[in-house]
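Numbered from 1 within each chain, the chains take letters A, B, ... in sequence-line order. None of the values given here were measured: they were computed from a predicted structure.
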Amino acid sequence: MAETEAIGSGHHMTNQTGREFRDLAIRLAGDEVKTCIQCGTCSSSCSTAHLMDASIRKLVQLVLEGRKEEAMACESIWLCTSCLLCTVRCPRGIRPKAVVSALRQIFEQEGRRNKDQAFERLFMDQIKSCGRISEFMLSAVYPLKNPLSTVPIMEMGIELMPKGKIAWQISCIEGISEIRRIFEEMDRQ
Amino acid sequence: MKLAYYPGCVARSTGKEYDLSTRAVAQALGVELEEISDWNCCGATHCSNQDLAVALSARNLARTGLPVMTSCSICYSNLRDAAIRLQDRTLRDRVNRVLEVKYQGSTIKHVLEVIMEGLEGEEGGKRVVVPLGGLRVAPYYGCLLTRPKGGIDSPEQPQVLESLIRRLGGEPVEFPLKMLCCGGPIFMPQDGATSESVLRILRSARQAGAEAVVAVCPLCHLMLDAKQRLAEAKSGEELGLPVLYVTQLAGIALGLGPDELGLEMNSVSALEVAEEIYRRMSGEQQC
């Protein structure tokens, strides 16, 4: 039904949750999102489109129609590789990647959790606590959050170890208090 | 010429040979690199809060007055994106309120750009002391070298790598998947998706007749090189395609030795590529 409705006119927009979701996502992703004409250039450029349950175009539509639960349930949010081809090509100057980022942020802020969000969190927490990323630490900790990743990560480790390409030591930067201030300030919406 | 160098986090681990060969090539081209003091991670592709991503990059850019060079396409894209978004006065003021050293504008270069500049003109041509002898090379751009637009080359029809390969005496092959994403950013949570992309890209390079692939990003390299062996084992398909960093390929042509370029650190032997190039050169000299 909603597919044929004009963008933004869906019944979801009459409820408050839908409106708040739409407004927040647009604020995070940029006002130009409202100008989407649903041409699908983003989806047809997407390198992981074939793996997605909902295309990038559809994610934008769900945002504009305030269909929060449907948007939050899409695995597509986590299959974006941030390649930016959609963003380079959008004829309306929208950054569809920014829409994906906004949905990831909202997902997490609401306390929703999954294996992909766990990876993003782990990555950012490491920057917040050390200033830099240790691939060794990421590889050691992530399997605890996602046991299915254990084998591929170990295989990669075994491949890299003899080449001396695993850095076991973790050193934090000196300006770590500045990094923490940056996180605090920028997390304030 | 003096440039600030932003190595990025993987320069100390999975991308060691990229860091090593970047420094060696810069020296060979007479470019002095000054590593940015106490630099931090740019957030790579994992920072959903875009203002935070801009601020993380801004801290790095603010710490030097020199143009900033990086070898990583993800860092390059993030630093450039930040510089573009920091033109917005409101965001810039907000970011500068938390930075110890204030951001005042910056120029960002990818190492590929620095190599191209170093090889310009007659003087630059003389630097190619070990020409690649017509080696057929697949130019793998990946995603972020040319995105967002306005950087080193067109995001739709880039040619800079082809130009470089020719300049070094090699032959760039027609490589239809040269810009298909390797899937690196999601390889830990979504391993299957990445393995499939890696196989498709390498098959495309193989079918194009490539003897080697050249990469410009440490994550692309990790996927195409280290993961190639794992993908081969799983699919039963033999690819055996060496993937060289742009600095390794250029370094060979500039006459740098395998140790200086970390050629023994690649998963699929890059040493054999170097040996093939040396063999062709000595063959030509005998003729």
Structural part of A:A98 lying under 4.5 Å from a heavy atom of chain B: both
Using a cut-off of under 4.5 Å for heavy-atom pairs, which of B:V98, B:T14, B:L99, B:L56 has the most such pairs with chain A? B:T14
By a 4.5 Å heavy-atom criterion (distance strictly below it), what part of A:L79 contacts chain B: side chain, backbone, both, or neither? both
With B:C181 as partner, the option from A:T48, A:T81, A:L85 fulfilling side chain to side chain contact (heavy atoms under 4.5 Å, CB included) is A:T81
Checking the side chain of A:R181 only, and the main-chain atoms of B:E100 only, is there a donor and an acceptor separated by less than 3.5 Å? no
Does the side chain of B:S267 come under 3.5 Å of the side chain of A:E159 through a donor N or O and an acceptor N or O? yes
Can you tell which of A:N146, A:L103, A:D116 has the highest number of heavy-atom pairs within less than 4.5 Å of chain B? A:D116
Where A:I179 and B:R59 come nearest, the two heavy atoms and their spacing: CD1-CD, 3.8 Å
Identify which of B:N49, B:V95, B:D51 forms the greatest number of heavy-atom pairs closer than 4.5 Å to chain A. B:N49
Interatomic spacing from CG in B:D191 to CD in A:E155 - rounded to 0.5 Å: 7.5 Å
Atom OG1 in B:T45, atom CZ in A:F123: separation rounded to 0.5 Å? 6.5 Å
Name the orientation class of the two ring planes belonging to A:F119 and B:H46 (parallel below 30°, tilted from 30 to 60°, perpendicular beyond 60°). perpendicular
Could you please state which residues from residues 236-245 of chain B sit under 4.5 angstrom from chain A, measuring non-hydrogen atom to non-hydrogen atom, sorted by number, or 'none'? none
What part of A:F136 lies closer than 4.5 angstrom to a heavy atom of chain B: side chain, backbone, both or neither? neither
Measure the CD1-CZ distance between A:I182 and B:R97 for me, rounded to the nearest 0.5 Å. 13.5 Å
Could you name the residues of residues 142-155 of chain B that have a heavy atom within less than 4.5 Å of a heavy atom in chain A? B:C143, B:L144, B:R147, B:P148, B:K149, B:P155
d(B:I186 CD1, A:W78 CH2) to nearest 0.5 Å is 12.0 Å
Contact class of A:S134 relative to chain B, heavy atoms under 4.5 angstrom: neither
Can you check whether A:G164's main-chain N or O pairs, donor with acceptor, with B:K16's side chain at less than 3.5 Å? yes
Among residues 228-235 of chain B, which ones touch chain A with a heavy-atom distance under 4.5 Å? B:R229, B:L230, B:K234
Supply the atom-to-atom distance A:E135 CD to B:S13 OG, rounded to the nearest 0.5 angstrom. 3.5 Å
Are the charged groups of B:E17 and A:K163 less than 4.0 angstrom apart, N to O? no
Sort A:C80 into side chain, backbone, both or neither according to what part of it lies under 4.5 angstrom from a heavy atom of chain B. backbone
So which heavy atom on A:I127 is nearest to which on B:C41, and how close? CD1-SG, 3.5 Å
Of all of A:I153, A:I176, A:T87, which one pairs up most often with chain B through heavy atoms under 4.5 Å apart? A:I153
Could you list which of residues 73-86 of chain B have a heavy atom closer than 4.5 Å to any heavy atom of chain A, in residue-number order? B:S77, B:R85
Where is the tightest heavy-atom contact between A:A29 and B:Q50, given as atom of each residue plus distance? CA-NE2, 4.5 Å
Could you tell me which non-hydrogen atom of B:W39 sits nearest to which non-hydrogen atom of A:I173, and how far apart they are? O-CG2, 3.4 Å
Residue A:M156 versus chain B: region with a heavy atom under 4.5 Å: both
Out of A:H50, A:R121, A:K145, which one racks up the most heavy-atom pairs below 4.5 Å with chain B? A:H50
Inter-residue atom distance A:Q169.CD - B:R12.CZ, 0.5 Å rounding: 11.0 Å
Under 3.5 Å side-chain donor-acceptor pair for B:S48 and A:Q105: no
Side chain / backbone / both / neither for A:L160 at chain B, heavy atoms under 4.5 Å: side chain
Heavy-atom pair with the smallest gap, counting every atom of B:P189 and A:K115: O-CE, 3.4 Å
